[in-house]
Amino acid sequence: MDYPARRMRRLRRTPALRQMVAETRLDVADLVAPMFVREGIDEPRPIASMPGVVQHTVASLVTEAKRLSGLGVPGITLFGVPEHKDARGSGASDPDGIVQVALRELRDTLGETLVLMPDLCLDEYTDHGHCGLLDLHGGVDNDATLERYGEIALAQAEAGADLVAPSGMMDGQVGAVRAALDGAGYVEVGILAYAAKYASALYGPFRDAVDVSIAGGGDRRAYQQDPANVREALAEVRLDVAEGADMVMVKPALTSLDVIAATRAAVEVPVVAYQVSGEYSMIVAATERGWLDRDATVLETLGAIRRAGADVILTYFAGEVAELLGSRRG
Ligand code: PBG
């Protein structure tokens, strides 16, 4: 009689054995919570396509950030929803703009216990919804946009950001932001570069979350990457590191596991993956219908993103996972 050469099942037999030989672990210290703050509201507002996620008031943002920090979540990224939008996205760099106001309040209340890394972009602030300034033909003007990014970086640094996170996918954005920060003496403020950011359908619910619609039904394919490409993603990653990125991000996460793995192998800086709004909403919708187990699905997807090589994960499930992992430890 032939027996199997190696019995793989021996180490799978009990939870303790499985726990001991697990190659990848999920730790709350690896998670970052993306949060939304809206100007001019008195109560947090639910986001229809992201059940459980809200547009915060400054006060409710601070309360929730404090709670997350208490659960062990080390950082948040912040998106602003301004009351007024214009062609240049003025609110993004206004010292009294919503994100700057919120950053100061967070810093005052939380000190240095929570890493603050605001998203640095224009789309939430422009009336046309693009991530940059438009040229005369309605295209996005790369180099004019870089100047605006520099201004936003300074406003965010002044308000207390630990890192700024340029997400507009303009060429040279990391170098321009680094130069602006250094020029004003903010040498300690870091850059989390959205390096490999794909033009993805999975950002749909996010646009709802920040009240953005792109003028004329347009899209971002002229600046975000084609999901067909991985070599191009690595070129973006290398450029961003050369321009001074302290960390690089790959986004979305679950559709880019190969890109996360390749990025991890290509550079030494921390690799961040963003489990985006659509990834969140797909899981929530299916679990609301009773088709998937929520806790198991959340842990499995985040585990897979870690296994692919992400050091840090941005996820709207951060608080929930922190509670889950905390309760499992007893
Ligand atoms: C741009 C930005 C977007 C997201 C993060 N930063 C939207 C876009 O590129 O259209 C998407 C995040 C998500 O879907 O959760 N400021």
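Just so we're clear, the structure is a prediction, and the values are computed from it rather than from any experiment. As the structure lists them, so they are numbered: ligands from 1, and atoms in each ligand from 1. The chain is numbered in sequence order, starting from 1.
- Contacts between S277 and ligand 1 below 4.0 angstrom, taking non-hydrogen atoms only, involve backbone and side chain alike.
- In this structure, the side chain of D141 engages the main chain of A144 through a donor-acceptor pair within 3.5 Å.
- Closest to atom 3 (C) of ligand 1 by heavy atom, among Y198, F206, Y203, Y274, is F206.
- Checked for salt-bridge contact, D123 and R220 meet the test: a charged N lies under 4.0 Å from a carboxylate O.
- Under a 4.0 angstrom heavy-atom cut-off, K197 registers as being in contact with ligand 1.
- In summary, the atoms of ligand 1 found under 4.0 Å from a heavy atom of F79, numbered by their order in the structure, are 5 (C), 6 (N).
- A distance of 6.0 Å or more separates the ring centres of Y198 and Y203.
- Contacts classified as ring pair (Phe, Tyr, Trp, His ring centres under 6.0 Å) and involving residues 85-106 (residues at least two apart or in different chains) are not found.
- The ligand atoms of ligand 1 that sit less than 4.0 angstrom from a heavy atom of D119 are 6 (N), 16 (N).
- By the criterion of a heavy-atom distance under 4.0 Å, the side chain of Y316, and not its backbone, is placed next to ligand 1.
- Nearest-heavy-atom check against atom 5 (C) of ligand 1 across R220, M50, K251 picks out K251.
- The side chain to side chain donor-acceptor pair (under 3.5 Å) test applied to S90 returns D86, not counting sequence neighbours.
- Between R207 and ligand 1 there is a heavy-atom distance shorter than 4.0 Å.
- Neither the backbone nor the side chain of V212 comes within contact range of ligand 1; no heavy atom lies under 4.0 Å.
- Assignment of Q275 to the shell around ligand 1 is not supported, since no heavy atom sits closer than 4.0 Å.
- Between Y280 and F317, the ring planes lie tilted relative to each other; the angle falls in the 30° to 60° range.
- Between D162 and R107, at least one side-chain N (NZ, or NE/NH1/NH2) sits under 4.0 Å from a carboxylate O, which counts as a salt bridge.
- Contact annotation for D123 and ligand 1: only side-chain heavy atoms (C-beta onward) come within less than 4.0 Å of the ligand.
- Salt-bridge formation is detected for the pair E158/R104: a Lys NZ or Arg NE/NH1/NH2 atom is positioned less than 4.0 Å from an Asp or Glu carboxylate oxygen.
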